[in-house]
Amino acid sequence: MEFIDVRDVVFGYEADEEGKENKIVLKKLSLSINKGEFVALLGHNGSGKSTLAKMFNGILQPDEGQVTVCGMNTLDEDKLLDIRKKVGLVLQNPDNQLVASIVEEDVAFGPENLGIEPKEIRKRVDDALKAVDMYEYRGHAPHKLSGGQKQRVAIAGIIAMQPDCIVLDEPTAMLDPQGRKEVMDTIVKLNKEKNITIILITHYMDEAALADRLVVLDGGKILTDGTPKEVFSNVELLKKHSLDVPQSTELAHKLSSSGFKIGDTPLDVEECVEAIDKALKKK
Ligand code: ADP
């Protein structure tokens with residue numbers, strides 16, 4: 001059974017006070033995500049990524065079609081708490097997610113709300129802070145931390161609820177390069193070492209290239225779905241929809257179109273150097 005199954009989902013936000021027309025945002029969208037996958041959701045602004053992210057744990061519910069998490073339907077009110085225990089959501093701005101004045105209290109907030117025993121909470125908080133490499137900051141004030149550190153504390157707060165899946169909606173958008181790296185390293189580690197399913201919304205193609213699978217949305221539908229190499233090899237399709245590819249992929253594509261044929265689709269600098277080297281040796 002799929003871990004998350006989105007089936008023929010149609011969704012539109014209610015018309016606002018000005019009576020603007022109810023625009024359909026998700027258009028009969030279907031998508032299955034398996035346990036342990038690392039999926040990056042791409043698409044330009046307004047393509048429906050955040051709306052879809054909120055469908056995964058029942059913050060939003062479909063107008064038509066259905067979303068199930070481990071077979072539990074998000075339309076079933078009785079299952080919502082169980083669904084939210086399984087699928088945690090991390091948002092763009094860590095400042096909006098941190099609520100307490102000490103790091104470890106912040107991380108304890110989620111499990112406290114789930115009614116977990118204090119002894120168990122203590123253990124979960126320590127484990128979660130260790131998993132994001134923030135244990136030594138447990139007694140610090142969150143507002144004094146760097147952006148990357150704050151976002152890692154926000155992720156620890158989700159991990160402490162022991163979800164099977166974490167959905168991250170542009171978690172690095174407000175961070176500097178160092179913070180972005182810290183958060184991406186954490187996400188990859190949680191996926192590879194703890195087998196937590198990751199769904200990452202990002203505008204950074206180098207981050208997307210770290211995923212096992214890319215799902216590209218366009219106008220509330222899936223434009224393409226495949227491994228990073230499969231998706232990024234279709235440079236023309238992505239460009240047509242105003243989407244970027246990693247810089248190394250673009251360089252290789254440009255070299256190929258100007259006659260210097262590169263067989264592979266490199267996703268980073270090392271792969272690009274290797275591909276150019278291979279092509280030179282063939283000449
Ligand atoms: P993305 O995350 O890909 O940028 P969103 O899911 O945020 O896309 O938005 C999809 C569409 O839904 C956009 O046209 C956006 O303006 C609209 N939208 C998003 N949130 C709301 C809301 N709360 N109320 C009304 N319309 C919204």
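Start at 1 and go down the list; that is how both ligands and their atoms are numbered. For the single chain, residues carry numbers from 1 onward in sequence order.
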For the pair [X] and [Y], find out whether any cationic side-chain nitrogen is under 4.0 Å from an anionic carboxylate oxygen.
X: R152; Y: D133; result: no
X: D185; Y: K181; result: yes
X: K27; Y: E64; result: no
X: D126; Y: R122; result: yes
X: D176; Y: R180; result: no

For ligand 1, find each of its N or O atoms that sits under 3.5 Å from a protein N or O atom, and tabulate the pairs with distances to one decimal place.
from, atom 1, to, atom 2, distance (Å)
ligand 1, 2 (O), S50, N, 2.8
ligand 1, 2 (O), S50, OG, 2.9
ligand 1, 3 (O), S47, N, 3.2
ligand 1, 3 (O), S47, OG, 3.3
ligand 1, 3 (O), G48, N, 3.0
ligand 1, 3 (O), K49, N, 3.0
ligand 1, 3 (O), K49, NZ, 2.8
ligand 1, 4 (O), G46, N, 2.8
ligand 1, 6 (O), T51, N, 2.9
ligand 1, 6 (O), T51, OG1, 2.4
ligand 1, 8 (O), G48, N, 3.2
ligand 1, 14 (O), K23, NZ, 2.8

**Message:** Same cluster or not: V69 versus V39, using hydrophobic residues (I, L, V, M, F, W, Y) connected whenever any side-chain heavy atoms lie under 4.5 Å apart?
**Reply:** yes
